[in-house]
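All of these numbers come straight from a predicted model, not from anything done at the bench.
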Amino acid sequence: MSSKIYFSSSAKRKPLAYYLIKAASTTALKIAPKFAFNQTRKLLLTPVKNRKRTTLSAQFTQQKLSTEHGDLHLTSIGEGPAVVFTHGWSGSSRQFLPLMEKVAASGFKAMAFDHYGHGESDGKFANLPLFIKGLKSVMASIEQPKAIVSHSMGTIAALNVSKDVPHFLIAPTFGFYDSFEERILNTGIHQHLFSGVLKSVEEEHDMRFGEILPELHVADHAHPIHIIHDQKDRFAKFELANQQASQHSHINLKAVNKLGHGRIINSEETWQFMKQSLFA
């Protein structure tokens with residue numbers, strides 16, 4: 001269910017479901033606030049796992065990385081300096097397999113992992129602080145990587161975690177908080193429930209959303225930040241990425257068309273841009 005919220009596009013005319021959910025959440029908040037909070041938390045923090053299995057070739061290796069929040073599932077291919085891949089909400093490491101093969105063939109070790117609550121990693125729930133903590137654990141387990149490649153919500157974690165390696169952002173989600181809040185409230189969920197869930201996540205992980213927004217971190221990066229973004233992306237606004245590129249000279253933005261939010265990952269345009277910007 002949460003994926004329908006995270007990846008929904010706002011409509012000018014609200015459907016009947018909006019009014020039904022609004023009435024139900026408002027009523028539940030009044031007569032059973034704890035129940036309403038728990039149900040909203042479950043709704044917002046449960047990613048949808050893709051049940052479709054992708055067969056890995058013999059070249060890929062898999063392992064578990066033990067962390068304080070459970071085991072993370074890692075997939076890697078190739079030898080050489082590491083290129084770390086981090087996926088977005090309701091995604092998995094397997095989204096990157098074709099791109100990882102090309103990176104490995106270029107003389108690098110391509111390493112991807114499933115975030116907590118995603119793919120084959122431990123956990124039922126997920127959130128942005130856990131994305132950051134998961135990537136930190138992976139980064140701590142390896143030597144200085146060649147680069148970090150991230151997609152969608154994974155770009156926020158990437159920009160927060162490491163400022164001393166080159167970044168390659170695919171469809172980054174600048175303006176995440178405002179966009180997320182808009183999508184949540186457009187479903188009819190009560191503002192108080194939404195705010196309560198976010199506050200509980202902040203307290204649980206001792207991490208404030210206002211301090212981890214990607215816009216706050218791009219200026220501090222010592223290496224170039226390369227961005228590829230579809231101009232008509234329905235889920236991550238190209239205009240916000242373009243705005244960042246115009247403000248920071250170390251951001252290299254490539255605009256593409258008709259690749260959407262997901263197909264762009266393994267597109268030829270992405271690979272060619274990656275070769276030119278990271279491996280030239």
[atom2] on [Y] to [atom1] on [X], rounded to 0.5 Å:
{"X": "Arg41", "Y": "Asn38", "atom1": "CZ", "atom2": "CG", "answer": "8.5 Å"}
{"X": "Asn160", "Y": "Leu213", "atom1": "CG", "atom2": "CG", "answer": "8.5 Å"}
{"X": "Ser200", "Y": "Asn127", "atom1": "OG", "atom2": "CG", "answer": "8.5 Å"}
{"X": "Leu44", "Y": "Phe125", "atom1": "CG", "atom2": "CZ", "answer": "11.0 Å"}
{"X": "Leu99", "Y": "Ile170", "atom1": "CG", "atom2": "CD1", "answer": "6.0 Å"}
{"X": "Leu253", "Y": "Gln243", "atom1": "CG", "atom2": "CD", "answer": "12.0 Å"}

[Y] and [X], any side-chain heavy atoms less than 4.5 Å apart:
{"X": "Val138", "Y": "Met111", "answer": "yes"}
{"X": "Thr173", "Y": "Trp89", "answer": "no"}
{"X": "Pro129", "Y": "Val201", "answer": "yes"}
{"X": "Arg208", "Y": "Glu202", "answer": "yes"}
{"X": "Asp164", "Y": "Gln144", "answer": "yes"}
{"X": "Val83", "Y": "Phe168", "answer": "no"}
{"X": "Val84", "Y": "Val165", "answer": "no"}
{"X": "His205", "Y": "Ile132", "answer": "no"}

Quick one: which of Phe176, Phe235, Phe180 gives a side chain to side chain contact (heavy atoms under 4.5 Å, CB included) with Met153? Phe176
Are [X] and [Y] grouped together when hydrophobic residues (ILVMFWY) are joined by side-chain heavy atoms under 4.5 angstrom apart?
{"X": "Leu240", "Y": "Leu216", "answer": "no"}
{"X": "Ile212", "Y": "Met139", "answer": "yes"}
{"X": "Ile265", "Y": "Ile77", "answer": "yes"}
{"X": "Met100", "Y": "Leu65", "answer": "no"}
{"X": "Phe96", "Y": "Val256", "answer": "yes"}

Hey, is the main chain of [Y] close enough, under 3.5 Å, to the side chain of [X] for a donor-acceptor pair?
{"X": "His73", "Y": "Asp122", "value": "no"}
{"X": "Asn186", "Y": "Glu182", "value": "yes"}
{"X": "Thr26", "Y": "Ala23", "value": "no"}
{"X": "Gln244", "Y": "Ala241", "value": "no"}
{"X": "Thr27", "Y": "Ala24", "value": "no"}
{"X": "His221", "Y": "Leu159", "value": "yes"}
{"X": "His167", "Y": "Ser162", "value": "yes"}

Test of understanding: with salt bridge (Lys or Arg N to Asp or Glu O under 4.0 Å), list the residues that count as partners of Lys146, not counting sequence neighbours. none
Determine, stepwise, if the pair Ser179 / Arg183 fulfils side-chain hydrogen bond (donor to acceptor under 3.5 Å, both in side chains). CA-CA 6 Å; Ser179 176; Arg183 289 190 174 111; 2.8 Å; yes
Charged N to carboxylate O below 4.0 Å: is that the case for Arg263 and Glu269? no
With the threshold set at 4.0 Å, does a side-chain nitrogen-carboxylate oxygen contact exist between Arg94 and Glu120? yes
Test log, rule side-chain hydrogen bond (donor to acceptor under 3.5 Å, both in side chains), inputs Thr86 and Ser150: CA-CA 5 Å; Thr86 175; Ser150 54; over 6 Å; no
Examine His248 together with His250 and report whether their ring centres are nearer than 6.0 Å. yes
Kindly state whether the ring of His118 and the ring of Phe131 have centres lying under 6.0 angstrom apart. yes
Above 12 or not: heavy atoms from other molecules or residues under 6.0 Å from [atom1] of [X]?
{"X": "Phe279", "atom1": "CZ", "answer": "yes"}
{"X": "Lys64", "atom1": "NZ", "answer": "yes"}
{"X": "Glu79", "atom1": "CD", "answer": "no"}
{"X": "Gln59", "atom1": "CD", "answer": "no"}

Take Asn266 and Lys102 through the side-chain contact (heavy atoms from CB on, under 4.5 Å) test and state the conclusion after the steps. CA-CA 10 Å; Asn266 294 298; Lys102 293 176 180 178; over 6 Å; no
Partners meeting side-chain hydrogen bond (donor to acceptor under 3.5 Å, both in side chains) with Thr270 (sequence neighbours left out): Ser267
Non-neighbouring partners of Asp233 that pass side-chain hydrogen bond (donor to acceptor under 3.5 Å, both in side chains), sequence neighbours left out: His261
Dump the intermediate steps for ring pair (Phe, Tyr, Trp, His ring centres under 6.0 Å) on His192 and Phe194, then the final yes or no. CA-CA 5 Å; His192 185 72; Phe194 169 75; over 10 Å; no
Given the rule in the side-chain contact (heavy atoms from CB on, under 4.5 Å) test, do Ser137 and Phe113 qualify, once you have shown the distances and angles that lead to the verdict? CA-CA 11 Å; Ser137 295; Phe113 71 101; over 6 Å; no
Run the numbers on Thr155 and Phe174 for side-chain contact (heavy atoms from CB on, under 4.5 Å), then give the verdict. CA-CA 9 Å; Thr155 64; Phe174 292 108; over 6 Å; no
Heavy atoms of Ser92 and Gly119 approach each other most closely as CB-CA, 4.4 Å
Intermediate values then yes/no, side-chain contact (heavy atoms from CB on, under 4.5 Å), Leu97 and Phe60: CA-CA 9 Å; Leu97 296 182; Phe60 285 93; 3.7 Å; yes
